[in-house]
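Note sheet for the following structure.
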Amino acid sequence: MTRSKNLLVIMSDEHQARALSCAGHPLVKTPNLDRLAARGIRFTDAYTPSPICVPARAAFASGRYVHDIRLWDNAMPYTGKPRGWGHALQDKGIRVESIGKLHYRSDEDPAGFDVEHIPMQVAGGVGMVWGSLRREDERVRKEGRMLGPYIGPGESNYTRYDQAVVSRTADWLADAGSDPWCLYVGLVAPHFPLIVPQEYLDMYPVESLPPFKLHTLDGFENHPWVQKQNEALTGDDGFESHDERLLAARCYFALCSFLDDNIGKLMDALEANGQLEDTTVIYTSDHGDNVGARGLWGKSNMYEESVAVPMIVGGPAVPEARRGSTCVTPVSLLDVSQTIIDHFGATLEGDRPGESLFGIASREPEPERVIFSEYHAVGAVSGAYMLRKGRWKLIHYHGFAPELFDLDADPEEITNRAADPACADALADLYAALNAICDPAEMNDLAFADQDALIVSYGGAEVAMNMGAPAATPPPET
């Protein structure tokens with residue numbers, strides 16, 4: 001693929017990889033993202049480096065694994081260190097700015113942007129400090145429902161913020177000038193609160209909903225690590241009725257269409273300002289959402305609903321012959337980081353595992369390419385690690401039995417094959433690949449040690465347990 005002059009990077013929040021009509025979802029309507037995919041390439045197996053906001057975004061900014069940068073949870077936001085793709089572009093003299101959600105520490109930090117427009121950062125510059133208390137006998141279970149007190153039609157501070165971000169982006173594009181630029185746009189939907197304008201909710205009548213997969217109400221029992229993690233927050237057990245649970249799913253899907261409309265407005269603004277054919281667009285999300293599968297909501301685990309993300313590269317950098325196609329080589333947000341650097345011919349010191357999506361898509365499919373993710377954040381009584389290689393996916397829980405899924409035969413991850421003698425070689429192969437990336441036990445201990453030090457620095461557990469937003473981070477005034 002060839003480079004275009006400009007690059008627009010759009011990252012949403014909590015958009016499940018499957019929640020795209022172009023990905024074959026039976027219900028979700030995303031015509032604008034479908035059109036972007038028709039002008040580009042959709043990566044069918046894309047993943048986050050950590051299924052929670054702040055570590056995922058820090059890893060994306062730096063292009064390095066979470067355990068490498070030691071920004072483990074939502075109380076350890078990116079500060080501009082280590083240097084990342086934004087700094088590489090600044091070194092090259094490329095105009096690089098952001099509009100919208102970053103979830104870094106502070107507007108004052110040198111995070112790699114010339115200007116940060118209406119940035120959404122972690123609450124109070126510290127983030128969710130109470131979530132750093134992870135040991136089972138120390139954890140804090142906040143009062144109130146994780147998804148928010150109200151679910152249903154209306155406007156929220158998040159939908160209003162996204163509208164302000166889109167409006168500011170349209171103004172920015174109108175004044176972008178003729179020099180090459182990179183613009184990062186951070187949208188919040190479909191992240192909870194699950195409040196959405198009525199017109200979008202009307203698109204998803206309750207009778208159209210697919211059944212919840214492997215729901216605990218139907219007798220499904222979660223893996224012990226997952227069950228312990230889920231107990232740290234009031235999730236599915238916080239619904240007033242099953243009707244409200246169904247309404248929550250409708251609102252999530254409706255927020256996907258609300259997001260899609262905003263994507264369409266950004267594409268319209270590019271076209272209106274004559275920049276559509278000069279600008280490559282990358283769309284992705286920081287992580288997914290369980291949307292009731294296994295009785296789980298939000299993210300924070302290694303199942304596909306949570307750890308997989310949508311990823312589309314569209315625009316003039318994609319050859320006509322490849323437009324509308326898919327790439328089955330597994331990729332991650334770390335590859336997006338490297339793509340941004342390579343797009344402008346920039347360089348960045350240090351070793352990073354990512355590769356340019358342009359290069360990956362130009363080669364023959366590489367289904368055996370290894371992808372790694374990890375979780376050391378709120379609710380996790382120990383570290384969890386995902387290793388994807390070919391048809392197999394390993395979930396290693398420190399101190400617990402692993403899970404092994406054959407994604408070719410079992411894409412819904414229904415049957416754990418870890419104890420199956422017929423899968424012993426596959427399990428050993430994935431563990432070898434995992435251990436080549438990190439020592440899971442060592443990183444588990446390091447994460448706890450860093451979190452313990454953070455808690456001490458704030459005055460101890462009694463102080464830390466009351467620091468930070470209880471659930472969704474409030475957006476800035478716009």
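This is a predicted model, so every value here is computed, not measured.
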Given 3.5 Å as the limit, does a donor-acceptor pair link the side chain of Gln338 with the main chain of Ser356, or not? no
I'd like to know whether His343 forms a side chain to side chain donor-acceptor pair (under 3.5 Å) with Ser4, so could you lay out the CA-CA distance, the side-chain angles of the two residues, the decisive distance to 0.1 Å, and finally the verdict. CA-CA 8 Å; His343 183 273; Ser4 63; 3.2 Å; yes
Euclidean distance, Leu7 CG relative to Lys5 NZ, rounded to 0.5 Å: 13.0 Å
From CA spacing to verdict: side-chain contact (heavy atoms from CB on, under 4.5 Å), Trp225, His398: CA-CA 9 Å; Trp225 184 97; His398 180 73; over 6 Å; no
Taking Arg83 first and then Asp91, would you say they form a salt bridge - that is, a charged N and a carboxylate O separated by under 4.0 Å? yes
Take atom NZ of Lys92 as the centre, draw a 6.0 Å sphere, and report whether it contains more than 12 heavy atoms from other residues, nucleotides or ligands. no
Just checking, any donor-acceptor pair under 3.5 angstrom between side chains of His15 and Tyr283? yes
Considering non-hydrogen atoms only, spot the tightest contact between Leu255 and Pro193 and give its length. CD1-O, 3.9 Å
Single hit among Arg105, Glu116, His103, Lys101 for side chain to side chain donor-acceptor pair (under 3.5 Å) with Gln121: Glu116
Can you confirm whether the side chains of Ser300 and Tyr375 place a donor and an acceptor under 3.5 Å from each other? yes
Taking only Lys NZ, Arg NE, NH1 and NH2, and the carboxylate oxygens of Asp or Glu, determine whether Arg18 and Glu304 approach each other closer than 4.0 Å. no
Quick one: sort the Tyr303 and Phe405 rings into parallel, tilted or perpendicular, breaks at 30° and 60°. perpendicular
We want to know whether Thr30 and Ser21 form a side-chain donor-acceptor pair, criterion being a heavy-atom distance below 3.5 angstrom. yes
Taking the ring centre of each residue, are Trp72 and Tyr65 less than 6.0 Å apart? no
Would you compute the distance between atom CG of Leu173 and atom CG of Leu276 and round it to the nearest 0.5 angstrom? 10.5 Å
Under a plain distance cut-off of 3.5 Å, with no hydrogens placed, do Lys299 and His191 share a side-chain donor-acceptor pair? yes
Side-chain donor/acceptor of Thr329 to backbone N/O of Pro365, under 3.5 Å: no
State, with a plain yes or no, whether a side-chain heavy atom of Pro51 is found less than 4.5 Å away from one of Met302. yes
Check Ser132 against Asp73 and note the closest heavy-atom contact, atom names and distance. OG-OD2, 2.7 Å
Lys/Arg cation over aromatic Tyr47: Arg388, 6.0 Å, 45° cone: no
How about Asp408: does its CG atom have over 12 heavy atoms from other parts shown lying under 6.0 Å from it? yes
Surrounding CD of Glu368 (heavy atoms of other residues, nucleotides or ligands, distance under 6.0 Å), is the total greater than 12? yes
May I ask you to test the Val378-Trp130 pair for a side-chain heavy-atom distance under 4.5 Å? yes
Is the side chain of Ser50 donor-acceptor paired with the backbone N or O of Glu374 at a distance under 3.5 Å, no angle test? yes
Verify, without hydrogens or angle tests, whether Ser62 (side chain) and Pro82 (backbone) share a donor-acceptor contact under 3.5 angstrom. no
Do you know which two heavy atoms are closest between Ala176 and Gln275, and how far apart they sit? CB-NE2, 3.3 Å
Looking at Ala88 and Ala346, what are the two nearest heavy atoms and their distance? O-CB, 3.7 Å
Passes salt bridge (charged side-chain N to carboxylate O under 4.0 Å, His left out), Glu366 versus Arg369? Steps please. CA-CA 6 Å; Glu366 301 170 48; Arg369 186 171 187 255; 5.5 Å; no
Between Leu270 and Val281, is there a side-chain heavy-atom distance shorter than 4.5 Å? yes
Where the side chain of Tyr252 meets the backbone of Gly292, is there a donor-acceptor pair that is under 3.5 Å apart? no
Please check: side-chain N/O of Ser373 versus main-chain N/O of Thr48, any donor-acceptor pairing under 3.5 Å? yes
Can you check side-chain contact (heavy atoms from CB on, under 4.5 Å) on Val166 and Leu266, steps first, answer last? CA-CA 7 Å; Val166 170; Leu266 296 178; 4.2 Å; yes
For the residue pair Trp172 and Trp181, does the interplanar ring angle fall in the parallel (under 30°), tilted (30 to 60°) or perpendicular (over 60°) class? perpendicular
4.5 Å side-chain heavy-atom contact, Gln451 and Arg134: yes
Evaluate ring pair (Phe, Tyr, Trp, His ring centres under 6.0 Å) for Tyr385 paired with His67, printing each intermediate quantity in order. CA-CA 11 Å; Tyr385 307 83; His67 67 264; 7.9 Å; no
Heavy-atom check, side chain of Phe258 versus side chain of Tyr158, under 4.5 Å: no
Residues at least two apart in sequence or cross-chain that pass ring pair (Phe, Tyr, Trp, His ring centres under 6.0 Å) with Tyr104, listed by chain then number, are Tyr78
Residues which pass salt bridge (Lys or Arg N to Asp or Glu O under 4.0 Å) with Asp429, listed by chain and number, not counting sequence neighbours: Lys389
Sorted by chain and residue number, the side-chain hydrogen bond (donor to acceptor under 3.5 Å, both in side chains) partners of Asn290 (sequence neighbours excluded) come out as Asn301
Could you go step by step and tell me if Arg57 and Asp13 meet the salt bridge (charged side-chain N to carboxylate O under 4.0 Å, His left out) rule? CA-CA 10 Å; Arg57 291 164 180 271; Asp13 198 324; 3.5 Å; yes
Within a strict 4.5 Å, meaning less than it, do heavy atoms of the Met311 and Leu333 side chains meet? yes
Do you know which of Thr284, Asp335, Ile312, Val331 makes side chain to side chain contact (heavy atoms under 4.5 Å, CB included) with Phe43? Val331
Val381 and Lys228: which non-hydrogen atoms are nearest, and at how many Å? CG2-CD, 4.0 Å
Looking only at atom types and distance, does a side-chain atom of Asp34 sit under 3.5 Å from a main-chain N or O of Cys22, one as donor and one as acceptor? yes
With side-chain contact (heavy atoms from CB on, under 4.5 Å) as the criterion, how do Met128 and Lys142 come out once you've worked through the C-alpha distance, each side chain's angles and the decisive distance to 0.1 Å? CA-CA 11 Å; Met128 195 182 288; Lys142 289 292 183 179; over 6 Å; no
Scanning both residues in full, the closest heavy-atom pair of Pro440 with Leu434 reads CG-CD2, 3.8 Å
Within the 4.5 Å heavy-atom criterion, are Glu355 and Arg363 side-chain neighbours or not? yes
Are Arg352 and Leu334 packed together at the side-chain level, in the sense that at least one heavy-atom pair is separated by less than 4.5 angstrom? no
Using modelled atom types and a 3.5 Å cut-off, is there a donor and acceptor pairing between side-chain atoms of Asp171 and backbone atoms of Arg168? no
Rounded to the nearest 0.5 Å, what separation is found between the CG atom of Leu430 and the CG atom of Asn435? 11.0 Å
Distance-only, no hydrogens or angles: does the Gln229 side chain make a donor-acceptor pair with backbone N or O of Ser382 under 3.5 Å? no
Spell out, as yes or no, whether a donor-acceptor pair under 3.5 Å connects the side chain of Asp162 to the backbone of Leu187. no
Run the side-chain contact (heavy atoms from CB on, under 4.5 Å) check on Asp286 and Phe60 step by step: do they pass? CA-CA 9 Å; Asp286 57 351; Phe60 164 65; over 6 Å; no
Distance-only donor-acceptor check, side chains Asp260 and Asn32, under 3.5 Å: yes
